[in-house]
Amino acid sequence: MNGEDNYLGTLYQRFPVNVARGKGARIWDVNGKEYIDCMGGYGVALVGHCNDRVVSAIKKQAETLITAHMSVYNETRLEFMKKMAAQAPPGLTKMFFTNSGAESVEAALKFARKFTGKSGVIAMNGAYHGKTFGALSVTYNEKYRKSFMPLLEGVKFVPYSDPAKLEEAVDDSIGAVILEPIQGETGIIVPPDDLIPKIREICNRKNLVLIFDEIQAGLGRTGKMWAGQNWNTTPDIMCLAKGIAGGVPMGLVLTRPEIMDSIKLGEHSSTFGASPLACAAASATMDALTQDGLVENAAKTGRFFKEKLEGLKERHKIIREVRGLGMMLGVELRFEVKDVLFDGISQGLLMLYSGRNILRLLPPLVMDESTVSRAVEIMDGVLTREEQRKNVS
């Protein structure tokens with residue numbers, strides 16, 4: 001599209017869109033064509049592209065102080081931590097700053113191992129936690145893992161919807177359980193209502209550290225500030241990233257105090273973690289979520305979006321299932337989604353995929369119902385064309 005591929009390897013699925021600017025729930029390419037953005041930068045554009053609060057905070061901070069290592073104090077960092085502490089799940093009072101989701105998972109795994117003294121971890125079939133070595137070790141899909149074996153030892157995978165299998169897998173080596181409250185990469189898999197509380201109960205009884213990866217599902221995405229709130233369940237460690245700083249790279253790990261207190265001086269650190277620039281953007285993001293009603297909008301508009309998608313299912317035999325919560329939605333098709341994605345782009349709609357046959361929708365939480373209606377209208381057309389190609393009637 002612009003010569004980038006001359007310098008890059010083949011590490012990314014590339015879409016034929018050369019993005020020039022964005023605002024709210026829309027982006028524009030270099031030719032001025034407008035797109036409704038249901039990709040949301042893989043969930044990073046949480047509070048909307050170029051959110052006014054975030055832009056203003058970045059401009060102000062960039063003129064004041066861009067970098068300050070964690071070995072010194074900083075008021076911008078403290079301001080963000082106070083805002084996060086006011087919203088954090090009960091008991092998760094300690095924080096560690098990272099720069100990405102995978103880094104947050106790496107830190108969580110280290111913290112759990114240090115606290116429990118046990119190296120074994122139980123992860124879920126279908127889990128996706130990142131592609132660095134530790135995060136990859138608890139990521140399920142063989143296509144990501146097979147070229148990089150051996151990974152961390154002592155990791156066991158169990159069916160996501162079967163707590164009995166989880167309990168059977170616990171032995172003296174196991175110190176932690178890690179899961180996504182809603183599985184994203186695997187296709188927006190929402191657990192049965194009793195599953196998450198049952199896993200919490202097992203962890204309590206077996207003295208296991210429960211880690212929630214809320215990198216994709218947290219921060220209002222599901223219509224509640226934290227995905228675990230949908231099941232009234234609090235983990236011992238929670239991993240955050242993606243949209244936490246409105247598009248600026250940042251991650252965060254929240255833990256119970258006794259877990260963080262088990263880590264000695266210098267045992268884990270980050271050069272770039274908690275930069276004033278990222279913290280200013282994150283503080284503005286928290287304001288957008290809490291003061292501008294974006295969590296509530298994710299719930300309300302997300303329900304509207306899902307109802308519209310259910311309507312599509314009634315009209316299109318190509319759709320197998322619609323699922324999700326809030327602005328974290330999936331549409332499972334009976335065929336591969338590649339042509340649907342590219343047709344959507346041609347019609348001004350940017351969507352994601354999960355695996356080969358699932359459309360994943362992670363729109364900014366600022367999206368309104370009229371924009372949703374237009375997005376669904378475009379989807380209706382591209383699904384009709386796909387059914388014609390596949391001779392589905």
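In this chain, numbering begins with 1 at the start of the sequence shown.
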Show your reasoning for whether side chain to side chain donor-acceptor pair (under 3.5 Å) applies to Thr132 and Glu103. CA-CA 8 Å; Thr132 52; Glu103 284 184 45; over 6 Å; no

Looking at His49, Arg26, Lys23, which one forms a side-chain hydrogen bond (donor to acceptor under 3.5 Å, both in side chains) with Asp37? His49

Check whether any side-chain heavy atom of Glu336 lies under 4.5 Å from a side-chain heavy atom of Asn357, and answer yes or no. no

Could you check whether Lys118 pairs with Asp172 (Lys NZ or Arg NE/NH1/NH2 to Asp/Glu carboxylate O, under 4.0 Å)? no

Could you tell me whether the side chain of Ile182 reaches within less than 4.5 Å of the side chain of Ile188, counting heavy atoms only? yes

Does the side chain of Glu332 come within less than 4.5 Å of Ile319's, by heavy atoms? no

Inspect the contact between Arg323 and Glu321 and indicate whether a charged nitrogen and a carboxylate oxygen are less than 4.0 angstrom apart. yes

Check the pair Glu369, Thr301 against side chain to side chain donor-acceptor pair (under 3.5 Å), reporting the backbone distance first and the verdict last. CA-CA 6 Å; Glu369 291 185 359; Thr301 306; 5.1 Å; no

Would you call Asp343 and Lys338 a salt bridge, using N to O less than 4.0 angstrom? no

Heavy atoms of other groups near Lys390 NZ, more than 12 under 6.0 Å: yes

Basic-acidic side-chain contact under 4.0 Å: Lys198, Asp194: yes

Side chain to side chain contact (heavy atoms under 4.5 Å, CB included) evaluation trace for Thr98 with Ser270: CA-CA 7 Å; Thr98 71; Ser270 169; 5.7 Å; no

Over 60° means perpendicular and under 30° means parallel, so classify the ring planes of Phe96 and Phe111, tilted if in between. perpendicular

Between Phe272 and His69, ring centroids under 6.0 Å: no

Around atom CD of Gln291, are there more than 12 heavy atoms of other residues, nucleotides or ligands at under 6.0 Å? yes

So, do Met124 and Glu180 sit near enough that their side-chain heavy atoms are less than 4.5 Å apart? no

What is the minimum heavy-atom distance between Gln347 and Lys33, and which atoms define it? N-NZ, 4.3 Å

Should the heavy atoms of other residues, nucleotides or ligands under 6.0 Å from OH of Tyr140 be counted, would the total exceed 12? no

I'd like to know if Glu79 pairs up with Lys82 as an ion pair, taking the criterion as any Lys NZ or Arg NE/NH1/NH2 lying under 4.0 Å from an Asp or Glu carboxylate oxygen. no

